[in-house]
Amino acid sequence: MPRRKRNAAGSSSDGTEDSDFSADLEHTDSSESDANTRRNTRLTRASVRLSQSSQGLKQGVDQDETPPRTPTGNAPSSESDIDISSPNVSHDESLAKQLSLKDSGSDLSHRPKRRRFHESYNFNMKCPTPGCNSLGHLTGKHERHFSISGCPLYHNLSADECKVRASSRDKQVEERTLSHRQDENRHSTRHQTPTERQMQYKEKVTEMRKKRNSVLLKEQKEKHMDHRQSHGASREPILENITSDYDLELFRKAQARASDDLEKLRLQGQVTEGSNMIKTIVFGRYELDTWYHSPYPEEYARLGRLYMCEFCLKYMKSQTILRRHMAKCVWKHPPGDEIYRKGTISVFEVDGKKNKIYCQNLCLLAKLFLDHKTLYYDVEPFLFYVMTEADNTGCHLVGYFSKEKNSFLNYNVSCILTMPQYMRQGFGKMLIDFSYLLSKVEEKVGSPERPLSDLGLISYRSYWKEVLLRYLNMFQGKEVSIKEISQETAVNPVDIVSTLQSLQMLKYWKGKHLVLKRQDLIDDWKAKESKRGNSKTIDPAALKWTPPKGT
């Protein structure tokens with residue numbers, strides 16, 4: 001028996017069996033001994049492989065013998081994964097196991113890491129559109145999306161269609177870049193007339209817009225109504241046949257560009273996946289969808305919806321807090337001096353130094369609808385001119401523009417905004433006209449601060465065009481100069497020249513620049529003016545204001 005114990009516990013280092021086994025053992029003992037021997041042989045071979053792998057790691061040889069990691073991070077079980085405290089393991093094998101683990105490192109850093117997805121993809125986030133799997137992107141350049149702006153399903157498209165549209169847009173950009181390179185020498189004033197290619201493109205666009213069928217067929221109306229009833233606000237309405245194909249394609253490009261800009265902001269960390277962006281605000285009797293991110297305090301921004309007092313602009317977290325506030329709020333109009341009133345329209349001059357909290361809240365509110373605005377808290381060097389519309393409940397905010405108290409470049413507007421519920425009603429032009437009226441009283445020439453937002457640029461171009469056509473309609477002389485127009489309208493000469501060029505009313509002939517009086521444009525303006533009426537105009541006689549002295 002002692003001899004059998006010794007043989008059972010010992011084994012050779014090269015994996016061979018001992019030659020001291022007795023041939024006269026009983027059959028049961030010999031079978032049990034054979035089983036133990038085979039098990040010990042396997043353990044010994046495993047220990048040899050472990051010691052060899054540890055030596056290979058010491059020598060710096062990159063061995064790829066380690067089994068791949070499972071999704072849980074653990075390697076599959078093998079012959080080497082045996083507890084060294086097992087009673088069936090010999091002392092030599094235990095020592096080899098310990099040495100191999102010590103040499104290979106306990107952190108298992110030599111094992112290959114699991115595959116990682118893109119750092120920006122947060123798979124806990126999902127697209128809020130019902131039935132969407134968050135795959136694809138409206139721009140056709142990203143694999144996933146997490147917001148409605150980038151959702152192909154919301155825009156009634158598929159991921160493949162978005163990729164096809166992206167490739168066609170890239171091709172158009174290349175063609176446009178090539179045409180610009182061919183015209184890059186046309187920057188002097190005498191070569192401002194459109195090229196033949198530009199005129200052909202303009203005629204092509206005009207023909208495409210004329211082809212639109214302005215009346216929807218009965219089947220098309222039913223299709224639109226069925227889509228609206230089936231999906232409601234969770235999908236974009238069907239836009240086909242609403243406008244011309246050319247204008248619809250422009251709108252699609254603008255959507256893709258805005259979605260791409262938002263995706264870049266998200267990747268830069270400036271906007272998280274919808275968690276820190278206010279989606280809607282309750283403002284008076286309106287509920288407004290926001291357009292951009294505004295730096296409200298985090299405890300308010302993460303709510304997704306803010307409730308605001310439309311008179312003092314204080315922001316709150318819930319409808320209950322707003323109701324209690326409105327019961328105690330004594331404000332019915334903006335702070336400051338009322339410098340203009342005609343009918344229900346009033347304008348208040350608010351000093352950023354005297355009413356700092358109100359002006360800061362106004363800037364935060366404006367940032368929800370302006371992309372280029374950067375002023376939030378440093379409001380003391382500015383004056384704010386707030387336009388309101390009065391009824392029996394108070395003076396409701398229509399829009400505003402801010403102005404530097406001391407502008408070295410004679411900017412008469414730093415930031416301008418019309419509230420979304422008052423857009424496309426003529427209030428934007430009223431604000432612009434009021435800013436130039438103040439410049440006339442100051443006997444200065446004014447211009448808006450650059451860069452202008454997209455909507456601001458459209459509004460200013462339309463206003464400059466209207467001012468020039470009105471001036472030329474009233475002008476009875478034979479010769480007119482840019483300087484005279486600027487002095488009478490308070491519009492900067494640079495803005496006048498750019499507007500005349502866009503209207504093709506500035507020509508270069510015999511070494512001089514001539515202003516052409518195009519009667520066709522003036523007649524079109526007079527027809528539109530007669531239809532529009534004079535309800536949304538600024539009356540200079542209603543202004544009661546003197547320029548402020550100092551700061």
key: Spatial distance of atom OH (Tyr422) from atom CG (Leu417) [nearest 0.5 Å]   = 12.5 Å
key: N/O donor-acceptor pair under 3.5 Å between Ser149 side chain and Ser259 backbone   = no
task = Could you label the plane-to-plane angle of the Tyr201 and Tyr246 rings as parallel, tilted or perpendicular, counting under 30° as parallel and over 60° as perpendicular?
result = perpendicular
query = Which one of Leu469, Asn473, Leu521 satisfies the side-chain contact (heavy atoms from CB on, under 4.5 Å) criterion with Lys526?
reply = Asn473
request  = Please check if the side chain of Lys163 supplies one atom and the backbone of Gly136 the other of a donor-acceptor pair under 3.5 Å.
outcome  = no
query = Which atom names give the shortest non-hydrogen contact between Pro420 and Leu288, and what distance separates them?
reply = CD-CD1, 4.3 Å
Reported OG1-to-OH distance for the pair Thr280 and Tyr307, which is rounded to 0.5 angstrom = 7.5 Å
ask   = side-chain hydrogen bond (donor to acceptor under 3.5 Å, both in side chains) between Gln172 and Glu249: does it pass, once the steps are laid out?
value = CA-CA 12 Å; Gln172 292 177 2; Glu249 184 62 24; 5.2 Å; no
request  = Please name the pair of heavy atoms, one in Pro493 and one in Ser486, separated by the smallest distance, quoted to 0.1 Å.
outcome  = CD-OG, 3.5 Å
query = Is a salt bridge present between Lys405 and Asp351, judged by a nitrogen-to-oxygen distance below 4.0 Å?
reply = yes
query = Is any NZ, NE, NH1 or NH2 atom of the basic residue among Asp495 and Arg450 found under 4.0 Å from an Asp or Glu carboxylate oxygen of the other?
reply = yes
task = Classify the ring geometry between Tyr460 and Tyr436 as parallel (under 30°), tilted (30 to 60°) or perpendicular (over 60°).
result = perpendicular
side-chain contact (heavy atoms from CB on, under 4.5 Å) against Asp247, all qualifying residues, sequence neighbours excluded = Arg209, Thr243, Ser244, Leu250
inquiry  = Just so I know, are the side chains of Ile482 and Val515 near enough to count as touching, which here means a heavy-atom distance under 4.5 Å?
reply    = yes
note = Between Asn410 and Lys444 the two heavy atoms that sit nearest each other are OD1-CD, 4.2 Å
request  = Please collect all salt bridge (charged side-chain N to carboxylate O under 4.0 Å, His left out) contacts where either partner lies in residues 429-439, sequence neighbours excluded, each pair once.
outcome  = Lys429-Glu466
request  = For residues Pro297 and Tyr315, determine if any side-chain heavy atom of one lies less than 4.5 Å from a side-chain heavy atom of the other.
outcome  = yes
ask   = Do the numbers put Lys536 on top of the ring of Phe427, so that NZ or CZ is under 6.0 Å from the six-membered ring centre and no more than 45° off the axis?
value = yes
query = Does atom CZ of Arg257 have more than 12 heavy-atom neighbours, drawn from other residues, nucleotides or ligands, at distances under 6.0 Å?
reply = no
request  = Indicate yes or no: at least one non-hydrogen side-chain atom of Trp525 is less than 4.5 angstrom from one of Leu468.
outcome  = no
key: Heavy atoms from other residues, nucleotides or ligands near CD of Gln519 exceed 12 (cutoff 6.0 Å)   = yes
request  = Give me the ring orientation class for Phe475 and Tyr471: parallel if the planes are under 30° apart, tilted from 30 to 60°, perpendicular past 60°.
outcome  = parallel
request  = Answer yes or no: is there a side-chain heavy-atom contact under 4.5 Å between Val386 and Tyr358?
outcome  = yes
request  = Could you give me the CA-CA distance, side-chain angles and deciding distance for Glu442 and Asn412, then say whether side-chain contact (heavy atoms from CB on, under 4.5 Å) is met?
outcome  = CA-CA 10 Å; Glu442 292 177 314; Asn412 61 357; over 6 Å; no
Over 12 non-hydrogen atoms of neighbours within 6.0 angstrom of CD in Glu299 = yes
request  = To the nearest 0.5 angstrom, please state how far the NZ atom of Lys465 sits from the CG atom of Leu500.
outcome  = 12.5 Å
inquiry  = Can you tell me how far apart CZ (Arg228) and CZ (Arg235) are? Round to the nearest 0.5 Å.
reply    = 13.0 Å
query = Residues two or more places apart in sequence or in another chain: which of them pass salt bridge (Lys or Arg N to Asp or Glu O under 4.0 Å) with Glu287?
reply = Arg305
ask   = Below 4.5 Å, heavy atoms only, C-beta onward: do Met505 and Leu472 meet side chain to side chain?
value = yes
